[in-house]
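We name chains A, B, ... by the order of the sequence lines, and we start the count at 1 in each one. Computation of the quantities below employed the complete heavy-atom set of this structure, encompassing side-chain atoms and omitting hydrogens, waters and symmetry-equivalent molecules.
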Amino acid sequence: MSDQIEQSVGDQSAENSVDIHHLEQQRRENRDAVIALGLLPYGERADDLLTLAGAHNLYASQADEQYKETNQAQRQAKRDNPDISEADLPELIDNRARVRVAGRVMLHRDNGKLIWLNLRDHTRDTFQIAVSKRDCDEAGFKLAKLLDGGDIVIAEGPLTKTNTGEITCWADTLIPASKCLVPPPEKHAGLQDTERRYRQRYMDMWSNPETTRVLLLRSKIMSAMRRYLERNDFVEVETPVLQTQAGGAAARPFLTHMNALSLDLSLRIAPELYLKRLLVGGIPRVFEVSRNFRNEGLDKSHNPEFTSLEVYQAFGNYETMMELTEGLIRELAELAASELDNDTSAMPFGDLKIDFASSFERVTYSQLFEKALGFSIDETEKARAECEKRGYKTKSKDGTPIDDIFIINELFEEVAEGMIDPAKPTFVLDYPASLSPLTRPKQGTENDVVPLADRWDIFIGGMEIGPAYTELNDPDIQAEKFLEQLSGVDAEESTFRTFDEDFVNALKVGMPPAGGLGLGMDRIVMLLSNQRSIRDVLPFPMMKPQA
RNA sequence: GGGAGAGUAGCUCAAUCGGUAGAGCAUCGGCCUUUUAAGCCGCAGGUUCAGAGUUCAAGUCUCUGCUCUCCUACCA
C-alpha cells in the first residue's frame, strides 16, 4: 500500500516538473539561488515596519541636504588631500530618517552596480528603493539581482532624494519576504482580463491597486456605519443563518441539510423575523450586518450572497427610520468623499453627480404614480388598460387576471420609478399595504381602493437601496397577512413564502411599536466608491466554476 | 431564459479578401552606480478556448461545447 502511494506521488511530481512553465521554472531557480545566499525566501516575522506611505511622509529635506553637503565636503577634503587623517575630515552629519518597509516588487531596473526597485503596498502604488553595490550589504545586493516582479521584500535604509527628485529608500539591507512564482501581469496595463480579475482577486488586487482601494473603502464604510449606530445606542446582534423557514422576505432560498437532526434547512434570505423577536425580548435598539442568500439571478446589482444592514428601534416608526437613514448615508458619504477627495454635494457615480449633502427628496408612492401615469392609483381599470397598452403582463400563467395591486405596482416599477432623479437620494413613501405584509397598515386608508402601509423605499443612483417600515406588531393582523401571502400563489411560489407561527407567537407576547430598516450595503458601497457593478465591491464575487 | 460580443506567447494587444501567426512588456544571455514603462546588443517563446466540419489551404468560414462581458428577462 505505502509502496503504491510513493509510486503515485513520484509519478505526479515527475509529471508536474514537465508541466511547469519555463517562466515559473526560472523563478524557482531564482528562489533556489536566494536560498544559496543563506536567505529565507519566504521570510519571517518583521516588527516596526512602516507602510510605504508612512515612510514616504518621513522624508525631511533639511536632513537630506545636510547629509549631502557634509558628505560632499568630506569627499572634497579627501580629493584635496588623499592622506588626510579621519580626525581632520570635516564632520559627516547624517540625520536622515531611516525606514524599514515591505512591499511587492512592481518594477525592477538593474543598472549593473545599482538596482532600482519600485515597491507597492496597500498605502502607495509605488515607492522607490535603491540597492547599490557600495551601500547595501552583500547578500541584499545579490538578492536584488535575483528578484522577480511580484516578489515581496523588506528594505531598510535612509530616506533620500534622487537627482530627479524622487524620495527613495537608499537600502543598506534587503531581505526576502515572499517569492512570487507566477509570472505577473503586464507592468503597465495591469491585469485586464475580467474573468481572471474576479477568479484570482489576489492577483488583481496588487496588479490594479484601485481594486484594493475599493475594498479598503468598503471596510471603512462598514466601520463608520457601526460607529454611527453605536453612537445612537443600537447594539449589534447575530441571528441564525440556518433557518427552518426562510422568512422576512419573498425570495427563493438556498437549501441545505443538517445531518445530526435530519433537518432540511434554508440559508437566510433576511434576518428580519429574528431581529423583531429580540425587540419582543426587550432589547430596544438592535442591528445586524446580515449576509443574506437568495437563489436567484446574477447581474450588475445582484450577487447570490449579499450584505444588508437591518435596524430595529422600539418606539420608533418609519419616520424615525427616515431620519436615521438620511443621517447614516450622509455620514458615510462624507467619509467616502474625504477618502476619495470628492464633494458630498456631487459624488461621482458613472455619469451622475449624486448630491448627498442636500436634504433627501420625499415623495409618496401615489404622487409619483400620478405624476408618471397621469391618473391615480385608485383608478385600477385605467391601470389595467395602461398595462395592456404597454404590453406588460396582466394575467398569470394559468390565465387568471393578476390582482389589481400587482398591476399598479408593475406600472409603478416600470414607469414611475424612472421619474425619480437618480442624482438625488429619494424616499418614496406609503406603499400599498398588500405589498408589505410585515408593515403596519396606514391609519385611515383601510377602506381606500388601495390601502397603504407605513413603508418607504429609498432610491439612489437609479438603484433601490432599501425599505423601512413602521413594524406591524398586531399578531392577529400579522397572521392574516401571512395567510394572504400564501393564498393565490402557485405551488412553486408558495415554497418560498412562509407562515412563521413562532413569530406570530412572539407578537402575541407583545412587541413594542417600532421602526425597522433594511439597507443594501453592497449598493451603498457601489454608490460611494463609484463602482457600477456589485462584483467590484465584493472581494470574491460568485463565479461559475471553470470546466 | 433570450440576444449580441469576446477567448491568439506569461501579460497587454495586432493579424486586410481564407494564403508563412506578429509587436510591446516580461523572461533568458551580454553591458551599465541616479533610473522613472531606464537604456543598448542578442536569443528564445504558439495545441490561436475545446472538438468536429467545409477547403488545395482555417486564428479567420460553418456547427457543437466551455468560460467571460454587455444588453434583456426574472427577482418584495
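- Comparing A/Asp457 and A/Leu107 by the nucleotide of RNA chain B whose heavy atom lies nearest to each, the residue mapping closer to the 5' end is A/Leu107.
- With distances taken from any side-chain atom of A/Asp299 to the nucleotides B/U67, B/C11, B/A73, the minimum falls on B/A73.
- Using a 4.0 Å heavy-atom cutoff across all strands shown, A/Tyr198 reaches sugar-phosphate atoms only and no base atom.
- With a 3.5 Å ceiling on both atom-pair distances, B/U35 lacks any Watson-Crick or G-U wobble partner.
- Between A/Phe482 and A/Phe499, the two ring planes are tilted [angle within 30° to 60°].
- Considering only side-chain atoms of A/Gln192, the nucleotide from B/C28, B/U35, B/U12 that sits closest is B/U12.
- Nucleotides B/G39 and B/G24 place their C1' atoms 16 Å apart, quoted to the nearest Å.
- You won't find any donor-acceptor pair under 3.5 Å spanning the side chain of A/Thr194 and the base of B/U69, going by distance alone.
- Of the candidate nucleotides B/U27, B/U35, B/U69, B/U35 has the atom lying nearest to any side-chain atom of A/Thr162.
- Under a cutoff of 6.0 Å and an axis angle of 45°, A/Arg201 and A/Phe540 do not form a cation-pi pair.
- The pairing partner recorded for B/U12 is B/A23, the criterion being a Watson-Crick or G-U wobble arrangement whose two distances lie under 3.5 angstrom.
- Annotation: cation-pi geometry satisfied between A/Arg535 and A/Tyr198 (NZ/CZ under 6.0 angstrom from ring centroid, within 45° of ring axis).
- Between the side chains of A/Thr364 and A/Asp430, not a single donor N or O lies within less than 3.5 Å of an accepting N or O.
- At a threshold of 4.0 angstrom between heavy atoms, the contacts of A/Pro437 include nucleobase atoms, whether or not backbone atoms are also involved.
- A/Arg27 comes within 4.0 angstrom of no nucleic acid atom, judged by non-hydrogen atoms across all strands.
- For A/Lys300, taking side-chain heavy atoms from C-beta onward, the closest of the listed nucleotides B/U33, B/C71, B/G10 is B/C71.
- For B/C17, the base is syn relative to its sugar; the glycosidic angle is within 90° of 0.
- The base of B/C68 has none of its N or O atoms less than 3.5 Å from a complementary donor or acceptor on the side chain of A/Asp193.
- Taking only distance into account, the side chain of A/His188 never meets the base of B/C25 through a donor-acceptor pair shorter than 3.5 Å.
- Within the 4.0 angstrom heavy-atom criterion, no nucleotide atom of any strand lies near A/Ile115.
- Across all strands shown, B/A4 is found opposite B/U69 as a Watson-Crick or G-U wobble partner, with both distances under 3.5 Å.
- Atom CG in A/Asp137 sits 10.5 Å away from atom NZ in A/Lys142 (nearest 0.5 Å).
- Between B/A50 and B/U8, the distance separating the two C1' atoms is 14 Å to the nearest Å.
- If you find the closest nucleotide of RNA chain B to A/Leu191 and to A/His22, the one lying nearer the 5' end belongs to A/Leu191.
- Rounded to whole Å, the separation between the C1' atoms of B/U60 and B/C49 comes to 16 Å.
- Among the atoms of the strands shown, only primed sugar atoms or phosphate atoms (P, OP1, OP2) are found under 4.0 Å from some heavy atom of A/Gln26.
- Here the nucleotide nearest the side chain of A/Leu23, chosen from B/U35, B/C28, B/A26, is B/A26.
- Rounded to whole Å, the separation between the P atoms of B/G18 and B/C31 comes to 50 Å.
- The shortest distance between the side-chain N/O atoms of A/Lys133 and the OP1/OP2 oxygens of B/U33 is not below 4.0 Å.
- Checking B/U55 for Watson-Crick or G-U wobble geometry (two distances, each under 3.5 Å) identifies no partner in any strand.
- Under a cutoff of 6.0 Å and an axis angle of 45°, A/Arg440 and A/Tyr469 do not form a cation-pi pair.
- Comparing B/G10, B/C68, B/U35 by their nearest atom to the side chain of A/Arg199 picks out B/C68.
- Using a 4.0 Å heavy-atom cutoff across all strands shown, A/Arg197 reaches no nucleic acid atom at all.
- Residue side chain A/Glu195 does not reach the base of B/U69 through any donor-acceptor N/O pair under 3.5 Å, judged by distance alone.
- Ring-plane geometry between A/Tyr431 and A/Tyr365 is classed as tilted, the angle between the planes lying from 30 to 60 degrees on a 0 to 90 degree scale.
- Using a 4.0 Å heavy-atom distance criterion, A/Gln128 is classed as a base contact.
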